Amino acid sequence: MKKILCVVSRPPYQGSHDLELIEAAMVGAVFEMQVSVLFRGDGVWALHAGQNAAPLQQRTLSHVLSALPTYDVKRLYVCAEGMTERGLAQEDLCIDATPLSMAEQQALMSDQQAVLGAQT
Amino acid sequence: MIFTVAVHSPPYASSANHHALQFCRTAIDAGHGIARVFFYHEGVYTALNSQVPPQDEGDIVLQWQQLAADHNLELAVCIANALKRGVLSADEQKRYERAAATLAEPFQLVGLGQLIDAIASSDRYIEFPA
């Protein structure tokens, strides 16, 4: 089974980038890839529980993210440093994501056959 | 080596789209294979058939078309991303009753599964971000 990682590192609602990346993760899982998603940089804001994108006339990303486990995308990770820098705690997140150090993120990336969204 | 090439950058917005084109050309010349070029995010604008670049600038779309014709290269465009941004094949133009079909040949509108399928059959995945 091929392993792919989607890296969400842009802030949500700045274009459709984050949403389209999450869609790629879901389709990857449907096609029986082992999919992981890593939220880092301003991408960690995508995990914030208190979102409502209705005023922006967009889909609320936290609602889309909560569907990931139903698509069998259960390997969800978040940059620990990125959360600390932004004053976010685990209880602020809309879904369970495992915090990773920089070294752990590096190991995660090296373990993949393809990394989507690696560069912003 | 077989590559899957993902293009996320629209033409002319940055040099990334041109870099992707050059990468494909060089990889093919060096004897490598390209499973599929997949245009995603704003990269789908590459397939817009109504672009008229000034005569003294390179025509990126024409160069993709030539590369595809010369090497039987598959230019795949994410259908969901394309529809949202107005890149419509003749079929989609009829289906959504829009004024014009805007998809250049030989670009094809395909599902995201075609990206995953290409990655599955490639040794390397390379992405050209916006």
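Computed from a predicted structure; not experimentally measured. Computation of the quantities below employed the complete heavy-atom set of this structure, encompassing side-chain atoms and omitting hydrogens, waters and symmetry-equivalent molecules.
- Residue B:D70 places its CG atom among more than 12 non-hydrogen atoms of other residues, nucleotides or ligands, all under 6.0 Å distant.
- Taking each heavy atom of A:S16 and B:K84 in turn, the nearest pair found is OG-NZ, 2.7 Å.
- Atom OH of A:Y71 is surrounded by 12 or fewer heavy atoms from other residues, nucleotides or ligands within 6.0 Å.
- A:V30 and B:I79 are assigned to two separate hydrophobic clusters, defined by single-linkage of ILVMFWY side chains at heavy-atom distances under 4.5 Å.
- In this structure, A:Q90 places its CD atom where more than 12 heavy-atom neighbours from other residues, nucleotides or ligands lie under 6.0 Å away.
- When the shell of 6.0 Å around CD of B:Q22 is examined, it contains more than 12 heavy atoms from other residues, nucleotides or ligands.
- Of the atoms belonging to A:V115, it is backbone heavy atoms, and not side-chain ones, that fall under 4.5 Å from chain B.
- Under the 30°/60° scheme for interplanar angles, the aromatic rings of B:H41 and A:H17 are found to lie parallel.
- At a threshold of 4.5 Å between non-hydrogen side-chain atoms, the residues B:E42 and A:E20 do not count as touching.
- Linking Ile, Leu, Val, Met, Phe, Trp and Tyr residues whenever their side-chain heavy atoms come within less than 4.5 Å leaves B:I2 and B:L75 in two separate clusters.
- Cluster membership for A:L61 and A:V78, using ILVMFWY side-chain heavy atoms within less than 4.5 angstrom, is shared.
- The residue among A:M26, A:E23, A:M33 with the most heavy atom pairs within less than 4.5 Å of chain B is A:M33.
- Residues A:F39 and A:V7 do not share a hydrophobic cluster, defined by chaining ILVMFWY side chains whose heavy atoms lie under 4.5 Å apart.
- Along residues 99-128 of chain B, the residues that come nearer than 4.5 angstrom to chain A, judged on non-hydrogen atoms, are B:L112, B:G113, B:L115, B:I116, B:I119, B:A120, B:S122, B:Y125, B:E127 in order of number.
- In this structure, A:L108 is not a member of the same hydrophobic cluster as A:V44, with clusters built from ILVMFWY side-chain heavy atoms closer than 4.5 Å.
- Put simply, CG on A:L116 and CZ on B:F38 are 10.0 Å apart, with the number rounded to the nearest 0.5 Å.
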